[in-house]
Amino acid sequence: MGTAIERTDFFRRLQQHRAENVFNPWSERNARDEADGNGPQARRRRLLAHLAIEPARLLIGEASGYQGCRISGIPFTSERLINAGLIPRIGSEPTRLSTRRIPWSEPSATIVWATLQELGIAENTVLWNAFPWHPHRAGEAHSNRTPTAAECAEGLPVLQALLSAFPRARVFAVGRQAERALVAIGRPAQALRHPAMGGATRFRQMLKQTLTAIS
C-alpha cells in the first residue's frame, strides 16, 4: 500500500527533475565521491524512511547542499550524522556514504538535529527544502549557490505535494527563501532564522520560543 507520501506524485516529481548546474540526489549518481552502495536508490530509501511518520511539524529550509543532502538524500542531514546513528528511523549505515577521507559534515545539519534532540522533537519532525535539489556553480559540484527565481518556482509543486501529504503538520520556514516559497503557495508558516552564517543561537531560540508558546 505504501506510505501517505508514496501515494502522492511527490516522488515522481522529485525524481524527474533535470537542470543544468543542479544535482538530483534521488535520480543521479554522484561520480566524484559517491561510495559503492550509496546511489540514488539508497538515498531514496533513506528519504522514504525519514518521511515514514505522521509528523507534528515540518521544517522547510532553502536548498540541498553538497555537504549534506547531496550525499545523504535527507535535507539538513550529513554523512557524519548518519554514520553516528543520530537520525531517527535511519539506522547507522554499516559503510561510508562517500569516498572522502573523513565523512562529510554540514554545520547547519549539525545545528538543526542537535536542536531537535535538545527540544525532544526529533522523532516527530520532518525536514525538507523549498528547492529540494542541489544547486551548484558551473563545474563545481562541491559548491552551493542560491537557486534562481525560476528554479525556485520549479520546486513549488514538490513542496505542495509534501505539504498535502502531511496536512496536520505545523509548518516552519527556516530562512527567507523558504518563507517566500511558502507564501507563494499560500501556506502559513512560522518563520525561523536559518542557522547558517551565525544564525545558530537565534534559530534555537526562535524554535524553542514557538514551541513554548503553543504548548
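A side-chain donor-acceptor contact under 3.5 Å links Ser27 to the backbone of Gln15. A donor-acceptor pair is defined here as one N or O able to donate and one able to accept, closer than 3.5 Å; such a pair exists between the side chain of Asn24 and the backbone of His17. For Arg80 (side chain) and Pro103 (main-chain N/O), no donor-acceptor pair under 3.5 Å exists by modelled atom type. In this structure a side-chain-to-backbone donor-acceptor pair under 3.5 Å is missing from Trp133 to Pro25. A donor-acceptor contact shorter than 3.5 Å links the side chain of Arg145 to the backbone of Asn21. Here the side chain of Arg18 pairs no donor or acceptor atom with the backbone of Val22 at under 3.5 angstrom. Panel note: side chain Arg29, backbone Ala31; no donor-acceptor pair is recorded below 3.5 Å. With hydrogens and angles disregarded, a donor-acceptor distance shorter than 3.5 Å links the side chain of Asn129 to the backbone of Glu62. For the pair Ser72 (side chain) and Thr77 (backbone), a donor-acceptor distance under 3.5 Å is present. Remark: the backbone N or O of Pro195 is not paired with any side-chain donor or acceptor of Arg202 at under 3.5 angstrom.
In this structure, Arg13 is not positioned above the aromatic face of Phe10 in the sense of NZ or CZ being under 6.0 Å from the six-membered ring centre and within 45° of the axis.
The shortest side-chain heavy-atom distance between Gln205 and Leu207 does not fall under the 4.5 Å cut-off. Side-chain contact between Leu14 and Leu47 is present, with at least one heavy-atom pair separated by less than 4.5 Å. Here the side chains of Ile90 and Leu81 are not in contact, with every heavy-atom distance at 4.5 Å or above.
Atom CZ of residue Phe203 and atom CD1 of residue Ile111 lie 8.5 Å apart, to the nearest 0.5 angstrom. Between the CZ atom of Phe76 and the CG atom of Leu116 there is a distance of 9.5 Å, given to the nearest 0.5 Å. Atoms NE2 and CE, from His194 and Met206 in turn, are 13.0 Å apart once rounded to the nearest 0.5 Å. Atoms CG and OG, from Leu86 and Ser78 in turn, are 8.5 Å apart once rounded to the nearest 0.5 Å. Here Phe172 contributes atom CZ and Leu211 contributes atom CG; the two are 5.0 Å apart, rounded to the nearest 0.5 Å. The CD1 atom of Ile74 sits 8.5 Å away from atom CZ of Arg89, with the distance rounded to the nearest 0.5 Å.
For Trp128 and His50, the distance between ring centers is not under 6.0 angstrom.
In this view, Glu140 and Arg137, Ser143 satisfy the side chain to side chain contact (heavy atoms under 4.5 Å, CB included) rule, not counting sequence neighbours.
Shortest non-hydrogen contact noted between Asp9 and Ala161 is OD1-CB, 3.5 Å.
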Using a 3.5 Å cut-off and no angle test, enumerate the donor-acceptor pairs between side-chain atoms of residues 63-71 and protein atoms at least two apart in sequence or in another chain.
from, atom 1, to, atom 2, distance (Å)
Ser64, OG, Pro132, O, 2.4
Arg70, NH1, His134, ND1, 3.0
Arg70, NH2, Asn30, OD1, 3.2

Which donor-acceptor pairs under 3.5 Å do side chains of residues 175-192 form with protein atoms, sequence neighbours excluded?
from, atom 1, to, atom 2, distance (Å)
Arg187, NH2, Ala169, O, 3.4

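Within 6.0 Å of atom CZ in Arg168, 12 or fewer heavy atoms from other residues, nucleotides or ligands are found, so the atom counts as exposed in its surroundings.
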